[in-house]
Amino acid sequence: MRKPAHPLLRGYVWVMMVFMALPLVVVIGASFNRGAAIRFPPEGMTLHWYAEVWRNADMVRSATNSLLLAVCATLISFIIGVPAALALVRHVHRHREALQAFLLSPMTVPAIVLGIAFLVFFGWTGMGLSFTTLLIAHVIITVPYVIRSVAGVYLGVAVSIEEAAKVLGADPWQLFTKVTLPLIMPGVVAGGLFSFIMSFDNVPVSIFLTRRETLTLPVYVMSYLVHNFDPTIAAVSSVQVLFTTAAIIVIEKFYGIRRLTETI
Amino acid sequence: MTMSEDTGTARFQVELRNATKLYGDFAAIRDISFGVAKGEFFSILGPSGGGKTTVLRAIAGLIDLTSGDLLIAGAPVNGVPVYRRGMGIVFQNYALFPHMNVFDNIAFGLRMRKVGKPEVHARVTEAMARVHLDGLGGRMPSQLSGGQQQRVALARAIIVNPRVILLDEPLGALDRNLRIAMQAELKSLQRELAITTVCVTHDQEEALSLSDRIAILNKGGVEQIGTPIEIYERPASRFVASFVGGTNLIEVVVHRSDAVSTELILPDADRTLVRVNSGDATVGRAVTLSLRYEAIRIASSPSPSPGDASVLGTVTNIAYGGSVSIFHVAINNGLTLVVAASGKPLFGLGDTVHLSWPSGAGQILQS
């Protein structure tokens with residue numbers, strides 16, 4: 001049995017949890033405010049602003065855009081990032097560090113710089129601004145998250161496990177599907193989660209690359225806030241919080257959050 | 001399955017011919033040749049960095065040879081990918097699949113070969129019984145003891161009826177008592193199934209007790225290949241003599257030699273140090289004599305047999321080792337001989353003792 005934590009440590013953990021959760025409580029609370037301003041604690045209770053979100057066609061469309069963009073960016077990041085991570089850990093020997101730094105560089109470049117760079121690049125090459133170019137930009141932002149978490153897990157997998165599988169008759173495809181992929185799954189799930197959130201949340205790159213029809217939710221919210229300050233924003237944010245929480249519960253149910261944190 | 005059946009009647013089940021593996025300028029192994037007969041337990045023994053793991057990995061197909069040939073059942077397999085060589089392997093760290101239970105681990109090789117479900121079930125059950133894992137099929141590797149993991153690894157390797165089973169320090173991670181028990185089990189399993197086995201180890205006791213033949217590898221080359229008794233009793237080189245078992249290496253000079261025996265003396269002495277059972281040495285030549293620790297008798301009185309060589313010495317160090325104690329005895333000429341004696345040590349530091357050894361006790365080494 002584990003011995004109970006020191007009361008001071010317990011207290012510290014609780015304070016930190018409240019500190020982290022408080023902004024969410026404020027946003028969710030404010031979304032129920034009866035008045036036309038974002039206010040906490042709310043005065044009265046209404047679901048009016050949720051209906052308002054649903055009625056706002058631009059907002060719904062931007063949310064759909066964001067969702068589609070995040071899903072596509074994450075799937076493409078798997079296709080690019082998983083093989084890259086595997087190669088980086090086991091097969092690249094020369095210039096490994098340089099290649100790794102290059103692949104992870106989008107994480108270190110300030111996002112706003114990336115945004116401007118993409119804008120200039122897409123203009124210069126004549127590719128223009130479309131869902132495709134927006135997706136390309138997002139993939140470049142999200143791929144490093146997949147690479148990093150997959151590589152992190154894969155580094156901890158003993159080489160001899162895969163060697164044993166090969167000697168025992170696993171061809172390259174069987175090796176990948178029966179041994180390697182199940183073993184790196186925690187990294188794939190974690191990387192996918194990060195990738196999705198990074199894309200779904202992104203403002204500094206999307207703001208340069210979206211047009212009216214490709215507007216993403218965060219960019220729409222920003223522009224909405226310029227002229228309005230009503231609880232619709234709080235309501236749409238609350239829906240996002242709900243989605244994220246649901247996603248985490250699903251992962252916990254079918255996979256276990258513990259397995260994500262254990263190996264990374 | 002063509003993978004695990006042998007059609008021909010090749011002389012060797014595994015054969016290396018002039019195998020060399022270079023990493024840049026460094027030769028991990030150089031010009032190694034040997035053959036392992038069908039059903040033989042063949043060990044590769046040597047210090048770490050001697051090239052033994054390279055040999056094993058080359059046979060498995062995990063690395064390619066720079067030059068030379070590898071034949072399995074008489075057919076060259078250079079360029080045949082790992083997964084088509086029909087082998088089994090057991091690693092020191094077991095390398096079990098952590099995401100599969102015991103049953104699935106053992107079934108792995110069969111499933112890769114697309115064996116039908118009922119047959120998989122029957123063969124896995126049989127293999128589990130063979131290595132005494134009955135009823136543990138549902139356990140995960142992390143819930144098993146070291147010895148049990150070892151058995152799973154073994155069952156996983158033998159279930160595919162491998163043409164050759166490769167053991168990479170198979171018992172190295174087990175503690176002593178378990179290791180000795182597993183050695184016996186491994187040997188009887190290997191004999192029962194008549195599986196050709198290539199075992200890499202740095203543990204000489206393991207090699208001596210398990211093997212039909214042993215290859216001693218040092219610095220990427222073969223020092224000697226022979227049965228355990230040949231290796232121990234008639235080491236071919238200084239290296240083999242000192243690596244396998246404990247031995248005194250003494251620089252001596254040939255004093256007299258005829259067709260059957262040779263007398264050796266210390267360079268600055270006139271008394272015969274030892275008479276060995278090999279003849280036709282050049283008188284006056286300097287050679288190295290190997291005299292095993294346990295070949296020397298240590299006593300408080302001179303040897304009763306007149307044919308024995310005998311010297312007087314002083315005990316300078318004692319290491320008590322339970323069944324055997326090791327004495328360091330300084331004799332004249334500044335030479336210290338190491339002696340192993342069974343039982344409780346009967347002598348103390350500084351005691352004067354008589355060392356003796358029978359005619360034919362030593363061995364002349366080629367340098």
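Reminder, nothing fancy here: chain letters follow the sequence lines and each chain counts from 1. These numbers come from a predicted model, not from an experiment.
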A.B. asks: Are there residues of residues 96-109 of chain B whose heavy atoms fall under 4.5 Å of chain A's heavy atoms? If so, which?
C.D. replies: Leu96(B), Phe97(B), Pro98(B), His99(B), Met100(B), Phe108(B), Gly109(B)
A.B. asks: When the side chains of residues 165-174 of chain B are checked against the rest of the protein, which donor-acceptor pairs come out under 3.5 Å, sequence neighbours left out?
C.D. replies:
unit_1	atom_1	unit_2	atom_2	d
Glu169(B)	OE1	His202(B)	N	3.4
Glu169(B)	OE1	His202(B)	ND1	3.0
Glu169(B)	OE2	His202(B)	N	3.4
Glu169(B)	OE2	His202(B)	ND1	3.0

A.B. asks: For chain A, which residues of residues 116-132 of chain B have at least one non-hydrogen atom nearer than 4.5 Å to it?
C.D. replies: none
A.B. asks: Any side-chain heavy-atom pair from Arg111(B) and Lys178(A) closer than 4.5 angstrom?
C.D. replies: no
A.B. asks: Is the shortest heavy-atom distance from the side chain of Arg156(B) to the side chain of Leu168(A) under 4.5 Å?
C.D. replies: yes
A.B. asks: Can you confirm whether more than 12 heavy atoms, excluding those of Arg213(B), are under 6.0 Å from its CZ atom?
C.D. replies: yes
A.B. asks: Determine the minimum heavy-atom distance between Gly169(A) and Met112(B), stating which atoms define it.
C.D. replies: O-CB, 3.6 Å
A.B. asks: Take atom CZ of Arg96(A) as the centre, draw a 6.0 Å sphere, and report whether it contains more than 12 heavy atoms from other residues, nucleotides or ligands.
C.D. replies: yes
A.B. asks: Mind listing the side-chain donor-acceptor pairs of residues 62-70 of chain B below 3.5 Å, one per line with the distance, residues two or more places apart or on another chain?
C.D. replies:
unit_1	atom_1	unit_2	atom_2	d
Thr66(B)	OG1	Leu22(B)	N	2.7
Asp69(B)	OD1	Asn78(B)	ND2	3.3

A.B. asks: Using every non-hydrogen atom in the two residues, find where Ala158(A) and Asn93(B) come nearest and quote the distance to one decimal.
C.D. replies: CB-ND2, 4.4 Å
A.B. asks: With the side chain counted from C-beta on, respond yes when Gln174(A) and Lys114(B) share a heavy-atom pair under 4.5 Å apart, and no when they do not.
C.D. replies: yes
A.B. asks: With Val82(B) as reference, evaluate Leu175(A), Val167(A), Asp171(A) under the side-chain contact (heavy atoms from CB on, under 4.5 Å) test and give the passing residue.
C.D. replies: Val167(A)
